[in-house]
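What follows is a short report on a single structure.
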Number of protein chains: 2
Amino acid sequence: MRQITIYDIANEAKVSVATVSRVLNGTAPVKVSTRAKIEALIQKYQFQPNAMARSLLSKETGIIGVILPDLTNPFFPEVFAGAELEAQESGHTFLLCNTMGLYTKESEYLNIMQEKRVDGIIFLGGRINLKDCEPHLVQEVVDHANKIPIVLVNGNLRNTELTRVVTDEYAGTVFAVRHLIELGHTQIGFIGGESHTTTTSIKLRAFRKTLRDEGLPVKEDWILTDSFSMESGRQLMQKLLELSEKPTAVCCVNDFTAIGAIKTAGEYGLKVPDDISIVGFDDIPLAHHVIPELTTVSQQASELGQTAVKVLRQMMNKGKVKKLTSLEPQLIIRQSTAPIKSPL
Amino acid sequence: MRQITIYDIANEAKVSVATVSRVLNGTAPVKVSTRAKIEALIQKYQFQPNAMARSLLSKETGIIGVILPDLTNPFFPEVFAGAELEAQESGHTFLLCNTMGLYTKESEYLNIMQEKRVDGIIFLGGRINLKDCEPHLVQEVVDHANKIPIVLVNGNLRNTELTRVVTDEYAGTVFAVRHLIELGHTQIGFIGGESHTTTTSIKLRAFRKTLRDEGLPVKEDWILTDSFSMESGRQLMQKLLELSEKPTAVCCVNDFTAIGAIKTAGEYGLKVPDDISIVGFDDIPLAHHVIPELTTVSQQASELGQTAVKVLRQMMNKGKVKKLTSLEPQLIIRQSTAPIKSPL
DNA sequence: TTGTCTCAAGCAAACATTATCCTTCCTGCA
DNA sequence: TGCAGGAAGGATAATGTTTGCTTGAGACAA
């Protein structure tokens, strides 16, 4: 079942391939009668021009590569959905690659994408989300970026000038901590993800700074980090609740850990938010379907994806681009935080 | 920053392009010294052969297209992850398209995929998930399937012989209902999704049949359908709880609606599972992080994806394929179901 | 009639590869 | 010395498009 080509159409219509091409693309006038004849044949055979051959000439594939660590984390599908929305305008589609956080896979996929000559790459998570990253891993990305436009989303690579789109996680954390303080909390804990990630370190920096600014002590026993999963949230919360002196509020690095923390609090007989307040980060869709609904900081994931595509498009058009686009997060107050009842 | 080509390498190495190609593909012997020279240049310029040109000859792109309705529903990322896992073996990557349930988008993406000459297509949800579907929409998919291997996942198109991979949703529902009956429930409600989808209709059929088989009455007031969202689950549960005579257990079409239902039950002062039992379907990761953890039927989403790729690969290799592969679901008993306390 | 202009359509190059068919050069053997 | 045979590598066609240049045919004016 050979795919039919522009030659087949041209032959049967008794015209040259050039004419068929012109009908296809409207790049030059074609007599109404011949056009009709050609269009009829295109219809008859359901002919679709071969995008490969076309790209070979035009140097454009209409494909944007997306590299992300884990589609199972609902934050990423939302970024992706935003990107897809924005990409409609320019008719781009997406080559999607899950790395499961493995750098080897990131490298592999970067290579594949270059081979396939994608028009641009959106890079989320992984090595760009590390506080520090081995020089050769950095260099590798830079090498690719010299040939293909790359946008880093919510991450960075030290000592490079790569274009980035990020949420202002620092500001977001300040919002969250201030909110807890305004509710009267003075004993506030922090549940983080992997400590060598930028996300965790930025949020932790904001957390410490805000407490200090407000004249509250920073208790290191209440600052725990592990990973970004619900399971991790459960375990760290458990540690907090086993302490002799417990916090009355906890600021979590993301919604997953926050949901885990709430679960554990329940298991320890504490009611959220009456006995303990918990605030998350991301505002994944789940956040307002969980009991109690989660107070959190919205990342505007969809907008992050949209912006990434916009920026990428500018780069593809050789336009001027801002090296750093920062989106303001927003505090979403729901049910998991409440004024302090009484110090424990 | 022009991408460098096999010619550039050949020129600088003072050999013909044929030789470089042979080094690249190992298709013929090359003297060790020339090979070394060429490899050095490849390294130096980070040369990657253009996959487009290659595909033009080989008629293979190494890309599998995936069409699905909504990546935001955690079931789909899991299927995707399974597919990706399996695709590693053959080195395929994925062109991913979200249709948001719009048939026009499905058509558009099918066309794009054919233009891009993907090696195969995995089709989830959308029109293949309807009980009935307009003939021209059916025909369109069949036309594409004549040119490119297509596998339908958890769906069907009437009067066609398209290859399918499905979970046995009928059996799964029987497991769920039997479980409730074994716990002593006799008054069981059903919360469905869109009523014109195959998923809802299959599950509903299984639901009715099982009750009848067990000699229990089917009360139509307790069978409600709307959509697959958490919000829908909340609303339908509300309707159930406003009835004068209420069920003591509810079987939900998926985990999303089940989670919504649990939430509403809580708002009505009912404890799950003490006052009312609720069972879901899908076993999304969230299911065991919610309070109470959800009793549900596991779809083995990941395996579904893996199998789809396996089948697709057989089709690509012109091998014999089973027209229908059916995966057995599994009842996962957690905390949202319990023996009946007392009839309300 | 001739020259000019315009519209429609053809020709052939270009794109980056791979595959096929050749050529050249060496080595070993009779 | 002649020659077979194999290793190494070159030349070229082929893949399916787009596009710049060219050509041919009318139309129309001088």
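Everything quoted here is computed from the prediction, not taken from an experiment. Chain A is the first sequence line, chain B the second, and so forth, proteins listed ahead of strands; every chain is numbered from 1.
Contact check, A:Ser21 against D:dT17: no side-chain N or O comes under 4.0 Å of OP1 or OP2. The side chain of A:Asn25 places an N or O atom within less than 4.0 Å of a non-bridging phosphate oxygen (OP1 or OP2) of D:dT18. Between A:Thr19 and C:dG10 there is a side-chain polar atom (N or O) within less than 4.0 angstrom of OP1 or OP2.
Straight-line distance from the OH atom of A:Tyr7 to the C1' atom of D:dT15: 10 Å, rounded to whole Å. Following rounding to the nearest Å, A:Leu56 (CG) and D:dA14 (P) show an atom-to-atom distance of 17 Å. To the nearest angstrom, C1' of C:dC15 lies 13 Å from CD1 of B:Ile6. Rounding to whole angstrom units, CD of residue A:Gln48 and P of D:dG16 are separated by 15 Å. The separation between B:Met52 atom CE and C:dC15 atom P is 17 Å, rounded to whole Å. The CD atom of B:Glu115 sits 13 Å away from the C1' atom of D:dG16 (whole-angstrom rounding). At whole-Å resolution of the value, CD1 in B:Ile42 and C1' in C:dT17 are 13 Å apart. In this entry the distance linking CZ of A:Arg54 with C1' of C:dT17 reads 20 Å, nearest Å.
Considering only the side chain of A:Arg22, C:dG10 comes nearest among D:dT15, C:dG10, D:dG9. Set against D:dG10, D:dA8, C:dT18, the side chain of B:Lys31 has D:dA8 as its closest nucleotide. Candidate nucleotides C:dA12, D:dG16, D:dG20 were compared by shortest atom distance to the side chain of A:Val17, and C:dA12 ranks first. Listed nucleotides: D:dT18, D:dG10, C:dA9. Nearest to the side chain of B:Ser16: D:dG10. Of the listed nucleotides (D:dG16, C:dT17, C:dT18), C:dT17 has the atom at the smallest distance from the side chain of B:Asn50.
For the residue pair B:Asn154 / B:Gln299, a side-chain donor-acceptor distance below 3.5 Å is found, with atom types taken as modelled.
Counting heavy atoms from C-beta outward, A:Asn156 and A:Val166 have side chains that stay 4.5 Å or more apart. Under the 4.5 Å side-chain criterion, counting only non-hydrogen atoms from C-beta, B:Phe75 is in contact with B:Leu304. In this structure, the side chains of A:Met316 and A:Ser90 stay at 4.5 Å or more apart for every pair of heavy atoms.
Among the protein residues, A:Thr34 comes within range of the sugar-phosphate backbone only, with heavy atoms under 4.0 Å from sugar or phosphate atoms but none that close to a base.
Judged by distance alone, with hydrogens and angles left aside, the side-chain atoms of B:Asp119 form a donor-acceptor pair with the main-chain N or O of B:Gly62 at under 3.5 Å. Side-chain N or O atoms of A:Thr198 include none that pairs as donor or acceptor with a backbone N or O of A:Lys131 at under 3.5 Å. With hydrogens and angles ignored, the 3.5 Å screen pairs a side-chain donor or acceptor of A:Arg164 with a backbone N or O of A:Gly155. With hydrogens and angles ignored, the 3.5 Å screen pairs no side-chain donor or acceptor of B:Ser21 with any backbone N or O of B:Val17.
Between B:Arg117 and B:Ala28, it is B:Ala28 whose nearest contact on DNA chain D lies nearer the 5' terminus.
Of all the residues in residues 57-65 of chain B, B:Leu57 reach under 4.0 Å from DNA chain C with at least one non-hydrogen atom.
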